[in-house]
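What follows is a single structure, written as structure tokens, with notes after it.
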Amino acid sequence: MNNGTPLEDYVISARNLRAFYGNQEALKGVGCQVAGRRVTSLIGPSGCGKSTFLRCLNRMNDRIPGFRIDGDLRIMGADPYAKGADLMKLRRQVGMVFQKPNPFPMTIFENVAIGPKLHYGLKGSELEGVVEEALKEAALWGEVRDVLTKSGLSLSGGQQQRLCIARMLAVRPEVLLMDEPCSALDPISTAKIEELIVALKERHTLLVVTHNLQQAERISDYTAFFMFGELVEYGQSTQLFGSPVKSETQDYVSGRFG
Amino acid sequence: MATVIDKAKREGLEARDAQRARSSRRYLGLLTGAAVVTFLLIVGIIGTILIKGLPSINWAFLSDLPREGMTAGGIWPMIRGSLLLMFGTMLVVLPVGVLGGIYMAEYAGESRFVGLIRSSLVSLAATPSIVYGLFGLAVFVLAWKLGTSLMAGWLTLALFSLPVVIITTESAIRAVPESLVEGGLALGLSKGQTIRKIVLPNAASGIATGIVLSTGRAAGEAPPILLTAGIYYSTGQLEMNLETLRKPVANLPYHLAEGYRQGGVIPESIIWGTCVVLMGLVLLINLGAILVRARSRARSLQS
Ligand SMILES: Nc1ncnc2c1ncn2[C@@H]1O[C@H](COP(=O)(O)OP(=O)(O)OP(=O)(O)O)[C@@H](O)[C@H]1O
Ligand SMILES: [Mg+2]
């Protein structure tokens, strides 16, 4: 879709993106354009390549021996895999939240401060301002403002996940990648994170992997349905869930397999 | 028909279960026996030392100089020498061992050559300390002309502890959860920043434990010191200055070895007392290591 539009007009554009773990092909030619300041959900059965796609975007898979990609990928106009591309800058622009909350074993304040401190050399009240702002943006400030010096691990699972979101926001990324951010959380915490995701699209471009189809429908403007390493269908969520074009999508969203 | 088969089957199963129960009882018996023998040995050794040595322990024994040609008085110079040897060894081992461990865990990769280095480390960790002593004698004492000295002792004991420190540092680093490392990298931290800010603080207690335990063990080893740093009796060696580094140093293991060799001259009470002190020192060090570990574990789980 949108074949006539140049790649650069989208925050993320992939064309014929293929990814391999050794000889195993995990993405078999994925093409899509992700609109800026929107929430895009990635759904599909286990092992279909959702995480792989997400981790291509911030080059998190560079660490895996034998991993390589092929095809064309642009993030905000630049090729993240180009020779000489600045990996640290890419990851500052493209933040990531993981399935299992992974706060660092340091204080709540330090968890959020570590990024701006190391990247932008912030100190003192300036740093405190950025930390406060990030915690507010992550809807956590009210709960932790009096316990900033407590360990990040002392928080509940849902709070920890929001702390990880605040930690990411403090670096001021444009794109936010979330790989099943709620799957380790209770329903109330999940609702909070969902609310947060919707609020964040005002200033960010979000890609969220989820196994919860209702969640995808609730939070996302666009949905991408993956199967066996291929992007089967991609479009507005209302359309994809309401009247899917492909029969595989129809089967999956109506819960017939997956 | 079915019931007949079931019955046969059941009897077979019962026989098998009985067989298994018998053999697990046998193994349990063997294991208990081994545990009892080990326990008795340890109690026997420690008990003997304590019974023979404890009566000589008092403040004067710990804080006085030897008198009357070592046949009376205290063993303060030896205690001090052992502490000096240990802390110096730690100073040398800390940077080299920790950097080596970081390198092995994060930068070396998995080539054939690295595999060779890794198995060499394991072999070196199991090499008898006398081999290090001879190496220290040949290289530090003679070739480097350090002479029999505190400094040669530090270097020799550091070499002796190094393999264990590198191995424990590497495994402490590898034990840091991958999710934390990914969290750091995803924030855009460089590899070095991730190691310094996230990996090392999380591995610190494991690394410290490795260093303390291995230098503690080194401090109790007689052979390396015997050949590179030891001196039996040292009067007027208590002042500390740069010259101290170039001079041999009295210490507990050496004192024990010599004291025993000169059998009869030195009263047994002094030898057993020294034994207790050396054992106590090593015990204290290990206890310290355990405390470091427990405290940092409590901190990482704190609420
Ligand atoms: N580190 C890895 N090494 C080798 N193969 C991998 C690795 N990670 C993923 N794969 C393979 O790549 C394929 C896609 O995996 P991926 O994790 O992207 O799926 P997913 O859609 O995120 O699944 P899930 O919903 O279970 O998280 C799978 O077949 C998986 O086995
Ligand atoms: Mg996944």
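Keep in mind the model is a prediction, meaning the values are calculated, not measured.
Scanning for side-chain hydrogen bond (donor to acceptor under 3.5 Å, both in side chains) contacts around Arg196(B) gives an empty result, with sequence neighbours left out.
Counting heavy atoms of neighbouring residues, nucleotides and ligands inside a 6.0 Å radius, atom CD of Glu202(A) does not exceed 12 of them. Heavy-atom contacts from other residues, nucleotides or ligands closer than 6.0 Å to CG of Leu41(B) number more than 12. Other residues, nucleotides and ligands place more than 12 heavy atoms under 6.0 Å from the OH atom of Tyr107(B). No more than 12 heavy-atom neighbours from other residues, nucleotides or ligands sit within 6.0 angstrom of CZ on Arg112(B).
Leu180(B) places a side-chain heavy atom less than 4.5 Å from the side chain of Pro105(A).
Of the atoms belonging to Arg63(A), it is side-chain heavy atoms, and not backbone ones, that fall under 4.5 Å from chain B. In this structure, chain B has a heavy atom under 4.5 Å from the backbone of Pro103(A), while its side chain stays farther away. In this structure, the portions of Phe104(A) lying under 4.5 Å from any heavy atom of chain B include both its backbone and its side chain. Residue contact with chain A, scored on non-hydrogen atoms closer than 4.5 Å, involves the backbone and the side chain of Leu187(B) alike.
Atoms NE2 and CD, from His119(A) and Gln193(B) in turn, are 6.5 Å apart once rounded to the nearest 0.5 Å. Atom CD of residue Glu182(B) and atom CG of residue Asn58(A) lie 9.0 Å apart, to the nearest 0.5 angstrom. Going from atom CG of Leu189(B) over to atom CD1 of Ile114(A) covers 5.5 Å, rounded to the nearest 0.5 Å.
Put simply, of Gly184(B), Pro201(B), Ser179(B), the one with the most heavy-atom pairs under 4.5 Å next to chain A is Ser179(B). With respect to chain B, the highest number of heavy-atom pairs below 4.5 Å among Arg92(A), Arg167(A), Lys100(A), Met168(A) belongs to Arg167(A).
Of all the heavy atoms in Met96(A) and Ala186(B), the pair that sits closest is CB-CB, 4.1 Å.
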